[in-house]
Amino acid sequence: MKPSLLKLLLGFSCLVSLAKSNSDEPTITYEQLYTAGKQAYTKKEWTDCVGFMRRTVEDYNYYNDETIWCREMCEMKYPSSAEASGMALTHLTAQKALCLFRCKVERLGEDRPPPQRHLLWFELEEREPYRYMHICYWHLGDLKNAVKAAYTYLVRNPEHQETIENLQ
């Protein structure tokens, strides 16, 4: 897919579905949204930056919530057993893995690719999109949301000096 077409599709997706709590386009993942958001930030396209970062957080939360739900459901369906060993343990492990796979396909869709860049997951856990968002909101003159985003980032990164200075 051409970068301009992807940007147009992502931009439209952001406009249409900022408030939804599920993935509208299963082939567009939080990884792609985050990359597009950082590119918009670099290009000083503040509105796009906010939209992509908000969709990043939304899709990331959706993906994690569905994955956790599947893990809990599969654990209830195939509870761990202290007595299981050898072939029984192997069978139980395989059943849980198959359950998790099927559940994720059912909940997330067949078209959703698995996460590709695991280092990006750490950035999202550290709430990096909010660091970008607070600056983008500030450039848009939306100080209320800029402060909200900055505080959300500082909850996870209380010593981040640049964000503290921006708040002051």
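Being a predicted model, the structure only gives us computed values, none of them experimental. Counting from 1, the numbers follow the sequence of the chain as shown.
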Please confirm whether the backbone N or O of [Y] pairs with a side-chain atom of [X], one donor and one acceptor, at under 3.5 Å?
X	Y	answer
Asp142	Asn145	yes
Arg55	Tyr30	no
Glu31	Gln116	yes

_Can you confirm whether the thiol sulfurs of Cys74 and Cys103 sit closer than 2.5 Å?_
no
field: Note, Thr163 side chain near Tyr130 side chain (heavy atom, < 4.5 Å)
entry: no
Above 12 or not: heavy atoms from other molecules or residues under 6.0 Å from CZ of Arg102? no
The side chain to side chain donor-acceptor pair (under 3.5 Å) partners of Glu162 (sequence neighbours excluded) come to none
Side chain to side chain donor-acceptor pair (under 3.5 Å) filter on Trp121, not counting sequence neighbours, yields Tyr60
Please evaluate residues Cys99 and Met73 with respect to the criterion side-chain contact (heavy atoms from CB on, under 4.5 Å), reporting the C-alpha separation (whole Å), side-chain torsions for both, the decisive distance (0.1 Å), and the verdict. CA-CA 9 Å; Cys99 177; Met73 191 272 302; 3.9 Å; yes
Parallel under 30°, tilted from 30 to 60°, perpendicular over 60°: which one fits the rings of Trp46 and Tyr41? perpendicular
### Message
Applying a strict under-4.5 Å side-chain criterion to I, L, V, M, F, W and Y, I'd like to know whether Leu100 and Leu92 cluster together.
### Response
no
Would you check, one step at a time, whether the test side-chain hydrogen bond (donor to acceptor under 3.5 Å, both in side chains) holds for Tyr34 with Glu123? CA-CA 10 Å; Tyr34 186 58; Glu123 286 185 43; 2.7 Å; yes
Heavy atoms of Ala40 and Cys49 approach each other most closely as CB-N, 3.6 Å
Smallest heavy-atom separation, Met133 atom then Val57 atom, equals CE-CG2, 4.1 Å
When you check the gap from the basic side-chain N to the acidic O, do Arg112 and Asp59 get nearer than 4.0 Å? yes
Fill in: Short N-O contact, Glu66 and Lys104, less than 4.0 angstrom
no
Besides Phe101, the hydrophobic cluster formed by Ile, Leu, Val, Met, Phe, Trp and Tyr side chains linked at under 4.5 Å, directly or via other members, contains Val105
Proximity of Tyr153 and His134 rings by center, below 6.0 Å:
no
Distance col, row Met53:CE vs Asp48:CG, nearest 0.5 angstrom, shows 11.0 Å
Taken to the nearest 0.5 Å, the spacing of Cys136 SG from Arg131 CZ works out to 11.0 Å
Whether the Asn64 and Asn61 side chains hold a donor-acceptor pair (N or O, under 3.5 Å, no angle test) is what I'd like checked.
no
